[in-house]
2 protein chains.
Amino acid sequence: MTNRQVSKKQEQRTEQTEGPELPPTAWAVLGLLSFPGERTGYDLKKWADASLRFFYWSPAISQIYAELRRLEAAGYATSRRSGPEEPRTKRRYAITEAGRAALAAWAGTDGGPVVLKHPLLLRVWLGHLAAPERLRTLVEEHIAHTRAELAAVREALAHAEDVDAWAHPRVALRWSERQHHAELELAEAMLEDLRELARQGGDDAPTQG
Amino acid sequence: MTNRQVSKKQEQRTEQTEGPELPPTAWAVLGLLSFPGERTGYDLKKWADASLRFFYWSPAISQIYAELRRLEAAGYATSRRSGPEEPRTKRRYAITEAGRAALAAWAGTDGGPVVLKHPLLLRVWLGHLAAPERLRTLVEEHIAHTRAELAAVREALAHAEDVDAWAHPRVALRWSERQHHAELELAEAMLEDLRELARQGGDDAPTQG
DNA sequence: ATCCTCATGTAAGCTGTTACATGATTCC
DNA sequence: GGAATCATGTAACAGCTTACATGAGGAT
């Protein structure tokens, strides 16, 4: 066995109930691992890109590798290196019982406020500086992009169909589908607001640039 | 692909004189400054807490001070220290012409994808590990919190009423009002989904402590 | 032959947060 | 007199991203 050695040192000082404090990303990665099957960091990244990112976020691959090492050090995951029986050498990770317990405890926790950073809204907010038409174009591009994302969510949903173990991920993706739909309506309504603004104060439009 | 995140070796320079590249936070702070009036860092923080945060995010006060210094160094803002005519010594910032021009150029730019990190969804996604009832409680708490936020958005909107210079911030806040409303409906729908899930596979509920 | 995907990492560096330090003013 | 708010910063450091390094296997 060629796994990284986890010294027993950290086990000794931490109380049974409280592991080390981990950032949300670590829990997200551990969450990926909590579904059946062993996975490589590379696998996890693809999984995250295809589904996690719609309601949370997909960490950089290097970050995933880092979190996996941290999780293993914490005793929440184990890994083993594939031997010569496989074409490629890869390290597969699996969640441990301690990891599952810690994750379950964390999942029952209040996660705090939603983080929403909407670059488009920042620009609309600054609309007094922009050419109104350009602003509307930005909104329309956002709508187009959101439509594409919605299609991707639906693809993820289709992929998760009928698998028992994925009932909750399915709920999350359904939420995400509706969320993208709402985002489209929100953008359309804002477009209307912007048009209305242009109709009223149509003079003060900066046309520089 | 658009010119979003090209950056590789494409180090082709655009011939226009471009100021230093700034992070979105700097633009947000400069944006705060782009509305009429001189303001202190402290003022800006309150402004951001009361309105920017609903659709973007409110930086830490220490970060605001840092960005202001950076903006001044870039020539996008000027500051002057208040003299003895005022009770407190404070540093007031104002946007410069160069700053306004740079900000306007930036505002016409494609801002890239929305960042959405929804801690609640992360937990729902991991629902197979949680007690179903606990999960529903978390969603209900989220709903209560969102209602409070919605009230805060409405307060900000009321505060921005009838001021000509704030027409665009008002559009952004209106978007935010609708967004919070949508968030409530999304959460209610998810609650229904979770109840439905519980009705079907009601057995597999983990009840460990 | 070459390019793409698989696969795993290291290093540098920036963004941004928390905690801390400092002091004045206002309110009760 | 004490607390809250106003007001501005510094320092330490966590968290992440990008760029880079490396190499094998599969496809054209």
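From a predicted model like this one, the values you see are computed outputs, not experimental measurements. Chain letters run A, B, ... following the sequence lines, proteins first and then strands; every chain starts at 1.
- Contact check, A/Y65 against C/dG9: no side-chain N or O comes under 4.0 Å of OP1 or OP2.
- Interface residues of residues 25-37 of chain B facing DNA chain D, ordered by number: none; criterion, heavy-atom separation under 4.0 Å.
- Of the candidate nucleotides C/dG16, D/dC16, C/dA7, D/dC16 has the atom nearest to the side chain of A/P23.
- A salt bridge is absent between A/E133 and A/R136: the closest approach of a Lys/Arg side-chain nitrogen to an acidic carboxylate oxygen does not fall below 4.0 angstrom.
- We find that CZ of B/R81 is positioned 12 Å from C1' of C/dG23, with the value rounded to whole Å.
- Among C/dT10, C/dG16, D/dT8, the nucleotide with an atom closest to any side-chain atom of A/R69 is C/dT10.
- There is a side-chain donor-acceptor pair under 3.5 Å between A/S79 and A/E72.
- Per the geometry, NZ belonging to B/K45 stands 12 Å off C1' belonging to C/dG16, to the nearest Å.
- A salt bridge is defined here as a Lys NZ or Arg NE, NH1 or NH2 lying under 4.0 Å from an Asp or Glu carboxylate O, and A/E38 with A/K90 fails to meet this definition.
- Whole-Å rounding puts the B/Q63 CD to D/dG9 C1' distance at 13 Å.
- On a pure distance criterion of 3.5 Å, a polar donor-acceptor pair joins the side chain of A/S62 and the base of D/dT18.
- Using bins of under 30°, 30° to 60° and over 60° for the plane-to-plane angle, the ring pair B/W47/B/W166 lands in the perpendicular bin.
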Set out, line by line, the N/O atom pairs under 3.5 Å between protein and nucleotides 1-5 of chain D.
none

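- Within the 4.5 Å cutoff, side-chain heavy atoms of A/L173 are placed close to those of A/F54.
- Salt bridge absent: A/E177 and A/R174 never bring a charged side-chain N and a carboxylate O closer than 4.0 Å.
- Side chains of A/I143 and A/R147 form a contact here, defined as non-hydrogen atoms less than 4.5 Å apart.
- Straight-line distance from the CD atom of B/E21 to the P atom of C/dG13: 17 Å, rounded to whole Å.
- Distances were taken from every side-chain heavy atom of A/T40 (C-beta onward) to each of C/dA7, D/dG9, C/dG9; the shortest belongs to C/dA7.
- An OP1 or OP2 oxygen of C/dT15 is reached within less than 4.0 angstrom by no side-chain nitrogen or oxygen of B/W57.
- Contact check for B/L33 versus B/Y76: no side-chain heavy atoms found under the 4.5 Å cut-off.
- Taking every side-chain heavy atom of A/A60 into account, D/dT17 is the closest of C/dG16, D/dG9, D/dT17.
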> Can you check side-chain hydrogen bond (donor to acceptor under 3.5 Å, both in side chains) on B/E183 and B/H118, steps first, answer last?
Replying inline: CA-CA 11 Å; B/E183 181 76 14; B/H118 208 309; 2.6 Å; yes
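- Nearest-nucleotide mapping onto DNA chain D: of A/P59 and B/K46, the residue sitting toward the 5' end is B/K46.
- Backbone-only contact: A/R70 has heavy atoms under 4.0 Å from sugar-phosphate atoms and none from a base.
- When distances run from any side-chain atom of B/K90 to the nucleotides D/dG9, C/dG9, D/dC6, the shortest one goes to D/dC6.
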